[in-house]
Amino acid sequence: MVSAANPVAPAPVALVSARARRVATPLGDGGQIVWHVWGEGNAAAAPLVLLHGGSGSWTHWLRNIDALVAAGREVWAVDLPGFGDSDGVPGGQDADTMPAPLHQSLQQLLGQRPFDLVGFSFGGMTAGMLAAAHPQGVRQLVVVGAPAMWMSGEKSVRLLGWRHLDSETAREQAHRHNLQALMLHDPARIDADTVALHVQNVLRDRLPRRRLSQTDVLAQALGRVVCPVQAIYGRHDALYRGRHAALEQAFVAASPYFEGLHWVDGAGHWVQYEQPERFNAQLLSCLAAGSR
């Protein structure tokens with residue numbers, strides 16, 4: 001059982017992390033943005049930049065990194081400001097404060113090298129705003145399970161609070177409930193390592209009052225994006241139950257460069273974790289199509 005006060009990183013995280021290069025760039029007054037990097041750069045393939053979801057870290061991509069590196073990509077996975085090992089943007093509380101520091105960080109790390117940008121959920125909103133505000137260098141954009149394609153008066157998924165709970169067992173039950181309610185379609189896939197990974201991430205979330213996911217901020221940003229745009233979602237994503245057609249229509253209406261919405265069977269919101277083989281194949285297909 002995982003202690004909420006002292007979370008233990010699961011073995012799969014330690015194994016993938018051990019193969020990474022850890023680099024950081026300055027943020028604000030003495031802070032930093034932390035990146036993990038796998039693979040080696042080559043002229044045949046642009047760097048692949050991954051932005052994780054809310055209450056997450058680079059570990060949201062844990063089951064995808066090896067396959068992407070094996071396909072010849074140099075993978076750059078960030079801990080977004082306010083999450084994981086990165087410090088927060090001074091005064092920042094949501095995705096709209098992240099494009100400027102991320103752009104500065106990427107310029108320091110990649111210079112003028114063009115890159116492919118992939119964002120999951122909260123990171124999809126951030127990626128859309130980054131590509132809209134700083135189009136230079138972004139070859140193509142893939143959003144994964146992203147919210148904020150239309151205005152929403154209330155959250156579609158109700159999650160349980162857990163910070164107030166005294167019992168370790170009660171906290172773990174709340175985490176398992178939240179994983180099943182929002183993140184994963186098949187409850188059998190919520191094993192001890194998944195819970196441990198999730199706990200490690202939510203304990204390091206310093207942006208608890210995010211609200212932009214209930215707006216149309218991503219749709220607005222996509223109207224200003226000038227590179228190819230594609231989207232990947234789990235077939236059972238809790239954010240879009242019964243609204244698949246509406247989501248596709250929203251993408252078509254938002255982006256003049258939209259090239260397709262792709263559904264991954266057997267997966268919920270955290271599609272790249274629940275069905276990594278199917279997701280990896282779909283993402284590589286999207287990237288190959290968008291680079292032509």
Side-chain angles (χ1 to χ4, degrees), residues 48-54 56 60-61 63-64 67-68 71 73 95 115-132 135 138-152 155-157 182-186 212-292:
L48 180 57
V49 174
L50 305 179
L51 309 186
H52 63 77
H60 272 172
W61 305 100
R63 295 179 173 177
N64 317 109
L68 297 173
R73 304 307 294 258
F115 59 90
D116 295 335
L117 181 60
V118 182
F120 165 56
S121 195
F122 175 88
M125 292 193 304
T126 303
M129 287 187 280
L130 175 61
V138 182
R139 295 197 325 162
Q140 56 187 315
L141 170 66
V142 181
V143 296
V144 179
M149 288 301 294
W150 50 64
M151 300 295 293
S152 174
K155 292 185 177 180
S156 58
V157 178
L182 174 61
M183 300 295 278
L184 301 177
H185 168 60
D186 183 358
L212 284 176
S213 63
Q214 299 174 55
T215 73
D216 63 348
V217 67
L218 176 56
Q220 293 292 331
L222 291 178
R224 305 190 301 276
V225 171
V226 295
C227 66
V229 176
Q230 297 193 67
I232 304 173
Y233 285 72
R235 181 77 66 183
H236 305 282
D237 193 321
L239 298 181
Y240 293 100
R241 288 193 185 103
R243 298 187 289 182
H244 289 188
L247 180 60
E248 183 163 14
Q249 291 167 6
F251 273 109
V252 171
S255 172
Y257 297 96
F258 182 62
E259 296 190 348
L261 169 59
H262 311 278
W263 297 98
V264 175
D265 291 333
H269 183 59
W270 195 3
V271 52
Q272 73 272 28
Y273 186 87
E274 186 163 14
Q275 291 291 343
E277 292 83 8
R278 293 175 182 175
F279 174 84
N280 295 338
Q282 184 61 72
L283 177 59
L284 289 170
S285 176
C286 287
L287 295 173
S291 64
R292 289 199 291 266

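Below, all heavy atoms of this structure are taken into account, side chains as well, without hydrogens, waters or symmetry copies.
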TODO: Check the pair L222 / L141 against side chain to side chain contact (heavy atoms under 4.5 Å, CB included), numbers first and verdict last.
DONE: CA-CA 10 Å; L222 291 178; L141 170 66; 3.8 Å; yes

Roughly how far, to the nearest 0.5 Å, is [atom2] of [Y] from [atom1] of [X]?
X    : Y    : atom1 : atom2 : answer
S121 : L51  : OG    : CG    : 11.5 Å
M125 : Q220 : CE    : CD    : 13.5 Å
R224 : Y257 : CZ    : OH    : 14.0 Å
E248 : H262 : CD    : NE2   : 9.5 Å
R73  : L287 : CZ    : CG    : 5.0 Å
F120 : N64  : CZ    : CG    : 10.0 Å

Task: S152 side chain to A148 backbone, donor-acceptor under 3.5 Å - done: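 No: the side chain of S152 does not pair with the backbone of A148.
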
TODO: Determine, using ring centers only, whether W270 and H60 are less than 6.0 Å apart.
DONE: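 Yes - the distance between ring centres of H60 and W270 falls below the 6.0 Å cut-off.
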
- [ ] Grab the two heavy atoms, one from A67 and one from N280, that are nearest each other, plus how far apart they are.
- [x]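 Closest approach of A67 to N280, heavy atoms only: CB-ND2, 3.4 Å.
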
Task: Exercise: identify the closest heavy-atom pair between L182 and H269 - done: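 Residues L182 and H269, closest heavy atoms: O-CB, 3.0 Å.
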
Task: Derivation of the side chain to side chain contact (heavy atoms under 4.5 Å, CB included) call for Y233 and L239 - done: CA-CA 10 Å; Y233 285 72; L239 298 181; over 6 Å; no

TODO: Measure the shortest side-chain to side-chain distance between M149 and Y240 over non-hydrogen atoms and say whether it is less than 4.5 angstrom.
DONE: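 In short, these two side chains touch, coming nearer than 4.5 Å.
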
